[in-house]
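In what follows, a structure is listed as structure tokens, so that the remarks can point back to it.
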Number of protein chains: 2
Amino acid sequence: MQLELSVDRGSPVPLYFQLSQQLESAIERGVLTPGTLLGNEIELAARLGLSRPTVRQAIQSLVDKGLLVRRRGVGTQVVHSQVKRPLELSSLYDDLEAAGQRPATKVLVNTVVAVSAEVAAALGVAEDSEVHRLERLRFTHGEPMAHLCNYLPPGLLDLDTGQLEATGLYRLMRAAGITLHSARQTIGARSATATEAERLGEQTGAPLLTMQRVTFDDTGRAVEFGTHTYRPSRYSFEFQLLVRS
Amino acid sequence: MQLELSVDRGSPVPLYFQLSQQLESAIERGVLTPGTLLGNEIELAARLGLSRPTVRQAIQSLVDKGLLVRRRGVGTQVVHSQVKRPLELSSLYDDLEAAGQRPATKVLVNTVVAVSAEVAAALGVAEDSEVHRLERLRFTHGEPMAHLCNYLPPGLLDLDTGQLEATGLYRLMRAAGITLHSARQTIGARSATATEAERLGEQTGAPLLTMQRVTFDDTGRAVEFGTHTYRPSRYSFEFQLLVRS
DNA sequence: GTAGTCCGGTTGTCCGGACATACGAATTGA
DNA sequence: TCAATTCGTATGTCCGGACAACCGGACTAC
């Protein structure tokens with residue numbers, strides 16, 4: 001049997017993208033089982049009425065995602081392992097929502113302050129400028145899970161406390177037309193201070209998972225600097241890595 | 001002024017790869033400064049005597065690495081931020097060596113044991129099979145930094161204690177012809193038990209950074225399962241993320 | 001029986017061209 | 001003066017073809 005594939009030339013969606021999505025969904029649904037040979041590119045192109053470069057572009061995008069492996073002289077086959085999703089720059093709020101965790105947010109601080117030296121260096125703004133300062137508690141199932149402290153350059157975004165409690169910061173930024181590009185982050189651990197413990201419902205000295213992140217948009221401007229602390233009993237970082245070749 | 005670019009058609013190295021390497025090195029050396037327009041693809045192709053698809057392939061690879069940004073109707077420009085290296089599946093040993101930290105390893109355990117249920121599930125081997133069990137301490141500057149506990153499926157690799165103390169596990173696996181493909185990992189934190197604290201020179205109850213990882217080769221076989229604990233005062237995970245678009 | 005060689009099949013690389021689409025700036029109009 | 005339109009230019013998509021490099025199995029020769 002062969003997979004049902006078809007493309008719609010009337011659609012504004014690129015042909016290679018239509019194809020790669022169909023292949024991806026077939027793999028996800030288990031129609032294309034691990035180890036299956038995809039059949040040669042030439043014949044696949046002929047069957048769909050596409051050119052080989054277009055088919056190759058579709059396949060290549062799935063190879064980049066780690067779903068397929070190509071072997072010269074052999075063929076292209078579905079990768080054998082449980083690749084979920086390679087790591088991407090993600091929003092804690094979105095991650096929790098996708099996991100069905102019903103995140104809730106309480107805004108503790110939402111003001112404009114003069115920058116500290118550390119924040120100025122991280123964001124790349126002048127030492128005498130002002131920045132937005134944001135402090136939030138994130139809950140799941142009514143229990144505190146993380147404390148989020150963020151700084152944003154001035155004039156970038158209107159930060160409405162109501163919106164911040166209803167959704168995540170990244171979503172607000174995207175809605176404001178900011179296209180996120182990359183982030184530099186550090187994950188570590190340390191003991192909770194008394195105030196941190198109080199906030200998160202832990203005991204003083206309890207281990208905390210920490211994350212610092214600077215996020216850049218596509219012009220290279222730093223758009224956010226955050227220092228987060230997580231309760232390790234309720235949260236850990238989980239992700240898939242691919243080997244770059 | 002224009003960048004000096006040239007390709008060698010006699011070389012077995014693909015043309016697009018020669019070009020992308022030259023561009024990357026130019027960016028790295030600062031010859032191409034952030035924000036610089038790369039000049040249109042057509043003209044670039046003509047100047048090098050290449051076709052546009054070849055030039056595009058070179059540029060695309062750098063876009064994927066996060067070094068360049070394309071804007072339709074505008075051009076391709078060097079990205080503005082301090083992109084170091086996007087996260088890849090890396091070896092602790094190699095990372096430390098690259099940072100000039102002179103890693104040292106002490107092998108505590110190197111035997112074959114019957115699998116536990118947890119390890120069998122992680123590696124995807126039968127419940128009654130045997131696996132290599134490896135326990136190591138990793139030092140920098142004479143101080144313990146991490147405790148590494150690993151399990152490998154049987155018959156995959158000869159594990160020589162001498163070699164393990166001289167280099168890293170991933171290097172040995174690559175040398176044995178295993179091509180690593182992907183890994184699934186979890187980073188968390190917890191308190192040190194008495195024995196863990198003893199091993200790492202910490203106090204009981206001190207916060208530890210933990211990492212669990214299952215690594216797969218390109219056939220989808222699990223080739224390694226590891227449970228690592230790090231001293232947070234001496235180690236943290238640091239990496240660059242790119243937005244998948 | 002074993003080693004070396006040949007060959008079919010598949011992906012890798014590269015070409016030259018064509019049209020579509022989006023961005024930005026100059027131009028035009030109110 | 002300001003908004004809408006036009007237009008040049010760059011990337012985005014797609015085509016059809018060509019040859020090279022590599023893998024694996026079959027065949028052959030020793």
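None of these values were measured; they are calculated from a predicted model. Lettering of chains follows the sequences in order, A, B, ..., and the numbering in each one begins at 1.
In this structure, A:Arg71 reaches the sugar-phosphate backbone alone: every heavy-atom distance under 4.0 Å involves primed, P, OP1 or OP2 atoms, never a base.
No donor-acceptor contact under 3.5 angstrom links the side chains of B:Arg184 and B:Gln212, judged on distance only. If you check the side chains of B:Asn150 and B:Arg136, you find a donor sitting under 3.5 Å from an acceptor. For the residue pair B:Tyr170 and B:Thr215, a side-chain donor N or O sits within less than 3.5 Å of a side-chain acceptor on the partner.
A straight line from CD of B:Glu41 to C1' of D:dG12 spans 9 Å, rounded to a whole angstrom. Between A:Ile59 atom CD1 and C:dT11 atom P the separation is 7 Å, expressed in whole Å. When rounded to the nearest whole Å, the span between CZ of A:Arg56 and P of C:dT11 equals 8 Å. Put simply, CD on B:Glu43 is 9 Å from P on D:dA10, counting in whole angstrom units. The distance between atom CD1 of A:Ile42 and atom C1' of C:dG8, rounded to the nearest whole Å, is 14 Å. Rounded to a whole Å, the CG atom of A:Leu37 is 12 Å from the C1' atom of D:dC23. Note: CG (A:Asn40) to C1' (C:dG8) measures 12 Å, nearest angstrom. Atom CZ in B:Arg70 sits about 15 Å away from atom C1' in C:dC23, given to the nearest Å.
One N or O on the side chain of B:Glu165 and one on the backbone of B:Val107 form a donor-acceptor pair closer than 3.5 Å.
Along DNA chain C, the nucleotide closest to A:Gly75 and the one closest to A:Pro12 are compared, and the more 5′ of them pairs with A:Gly75.
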Nucleotide-resolved protein contact map, nucleotides 14-21 of chain D, B/S/- at heavy-atom distance under 4.0 Å
SBB-B--B
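At least one side-chain heavy atom of A:Leu241 sits less than 4.5 Å from a side-chain heavy atom of B:Gln185.
Atom NE2 of B:His228 is separated from atom CD1 of B:Ile187 by 11.5 Å, given to the nearest 0.5 angstrom.
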